[in-house]
Chemist: 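Sharing a structure, written as structure tokens. Questions coming.
Below, chains carry the letters A, B, ... as their sequence lines are ordered, and counting in each starts from 1. What you see is a predicted model; the values in this text were computed from it and never measured. The figures here come from the full heavy-atom set of this structure, side chains too, leaving out hydrogens, waters and symmetry mates.
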Amino acid sequence: MIHRRGFLQSALAAAVLPSLSVPAANAGTMPLYKVIYDGRFPAGLAFAMQIRQTGAPLCEVQGNVAQLWSEDLYGRWRKSAAPIAGLTDHHAWFLLDMMARDAGMRTVYRADHQTLPDGRAHHRLFGLHAPHTGLLLSDATAQADWARTAADIVCSFPRDLATLRRAPATMSIARRQSIAHGTLLSWVIASPPA
Amino acid sequence: MTLPAGVSSSDFASALQDLANAVGRDWVFSTDEDLALYDDSYTPFVGEPELQRHASAAVAPSSVEQVQQVVRIASKYKIPLYTISTGRNLGYGGSAPVYSGCMIVDLKRMNRVLEVNVKGAYALIEPGVSFMDLYRHLEDNHQQLMISPPEPGWGSPIGNALDHGIGGVAGDNFGMVSGLEVVLASGEVLRTGMGAVNTSRLWQNYRYGFGPFIDGMFSQSNFGIVTKMGFWLVPKPEVQTSFSVASFRSDDLHAMIDAIQLMRAQGLLYSSGGGSPIRSANNNSDGAISENIPEVKTLLARRDGGSSAAWDQLGQAKQTPVSIVFGGIRGPARVVAATLEHAQSVFESIPGTSFRRGQAFTFPLDIEQVDEQEKSFIGIPTLWAFSRMAVQGTSHGHYYFSPMIGATAEDMFAVNNTIRGVLLDSGDNDLIDRMGWRGGLGSYPKSYMLLYEFLITNDIALNKRRRDIFKRLVDTCGEKGWAEYRTPPAFQDIVMGQYSFNDHVLRRFHETIKDAIDPNGILSPGKSGIWPRHLRKAST
């Protein structure tokens, strides 16, 4: 059954994420059905290593989400919405985001991680997140560092999205912008707040 | 927000309120965040926002009665609507309207499988049902029928069929349609064929009813909103298999295609096709990875496409067939075996060909034994197509140039020469290399479809040049009688322009119908180049 809140609508909120320093899941953290990473990329592996410490269920894809959808997500999401998060390329994110809409979910947070020619990473955040999330990612310039930070952010996502604020740039901008080749995305797909 | 042209803000607000009263406030959407979801994710206009098409709002009715109310409200305020089923159709427009400012009528909530009749081998479904939904419904209920999913198989059977999409099991999915329910611009509900009989018992059994057969009028059109569709389904066979026949001579392709198409016409095959593997060896699109054979590149760079002798020699040298055809067979095991024997004997009459049997799928299937790329051909929806596309290295998707040609080698060589000429004139070496040489896909029984994938990039100037090349391909192929079967909104006017016999009488006929049954022009204006009277100038 698709509900209004998940079908499309997204909303503003105005508080901060309490802490990103402790990635372990707790009662206030969004339960993630799967955390998906692309094992072709060193950043994906570092992201997965960090996620593993939280005990969240990991799923590796190598640019291909076909089987994940047909053998897992379709059936799970047919029963009810189940949030997922991940670090993938744009293509995999795009497909998962579109598939999730059938279950009344959408991308509520996305960070685009572009590796610059000098090896540093540029991060751009969209959707709902805590104000200092961007600062954490900005500080984490080495690939393994930012990937671990990205993992902490998605695994610490609050169950109650209303405690977050919308970033200055919204998801509609993210959807319409050009993506530089090689950019990796960390994201959370969930039912948006009413 | 993109308001519909000619509609005041106050009228638009009133319309949204009326719609909220009709379908519930939760199912009317007008924020930018909501509407971005209806953009064409594969727009050919990346970085050119002024050319992109956007919706003004969206409404998601859950019943035919609500669709009727939506249409009546839109008519009252003269707000154009654009209908989607599940809103996929990537590469052919996605869920974005042809005409900016349309309000999306999103039928995703109408997602019921209304009836499955195993003995009659048909189903009646709503537009929001996906291929996967229907597949699971059949499997969960142990109904021994196959659906016909395209690649990818995540969209709507109704949406796919209405856009003349193809599927791995039936090929021509609109050819499997039997009976529609349609909400007209007046708000009335029409049922076609035997569905027009009160207390009809044969709506999905006999498609014609009495009088003109009008189901086709609602495909690739804007004459109504389809709210139910009957489909004939394929009973699961004992065995489904395929075969291919290869040769190292170019000239053999003529006889090989003639033979495979004769078997198709005899009803022995459910699918067929043909091509030239050596000529296609450097293709680098739709998941194909170029073999980077320098001689292939050299020959394809020639205006005449290279001599048959040169290709035959190269094929031998690379041990890659020069000509190939393939066919699909399904049915009782003994019939399939006999058909394979017959096919083998048919091709033995063409000296130098080699016959190869494909993988045989025995039902009931052990899905664990089925490769992902084979699934759609045995009725299992998959997203494997996206895996192929992922290797193309674009974040913005693609659109297709997809002309129809005759199911003959003569047409296949001729259209490849014509298209290569346009590409060589363009000087776009990347496109020339990617497109290479195309074989034909026989999803329809008596014609072949060619698919040329245009990748969308971050380079605005390059995208524009590619759109111009696309238009030249449409014009050049159209002049020779090869028009497209389907195209994204950006090109629908020029493609319809190719159907120009007798001073475009077909388009004028469409317009006459449009004006008569949708006088306010509210239903999907511009779809397939059919514009209502008050917007016709916008189409030029």
Chemist: Check whether NZ of the Lys or CZ of the Arg A:R110 lies under 6.0 Å from the centre of the six-membered ring of A:F126 and within 45 degrees of that ring's axis.
Modeler: yes

Chemist: Cation-pi check, B:R136 to A:Y74: give yes when NZ or CZ is under 6.0 Å from the six-membered ring centre and within 45° of the ring axis, no otherwise.
Modeler: no

Chemist: Among all residues two or more places apart in sequence or in another chain, which pass the side-chain contact (heavy atoms from CB on, under 4.5 Å) test with B:P127?
Modeler: B:S85, B:L107, B:M110, B:I158

Chemist: Does any backbone or side-chain atom of B:D140 lie under 4.5 Å from a heavy atom of chain A? Answer side chain, backbone, both or neither.
Modeler: side chain

Chemist: Residues in side-chain hydrogen bond (donor to acceptor under 3.5 Å, both in side chains) with A:R120, at least two apart?
Modeler: A:D118

Chemist: Which atoms of B:L90 are under 4.5 Å from chain A, going by heavy atoms: the side chain, the backbone, both sets, or neither?
Modeler: side chain

Chemist: Against chain A, label B:D39 side chain, backbone, both or neither, depending on which of its atoms sit under 4.5 Å from a heavy atom there.
Modeler: side chain

Chemist: Tell me which of these, A:M99, A:R175, A:M98, has more heavy-atom pairs under 4.5 Å with chain B than the rest.
Modeler: A:M98

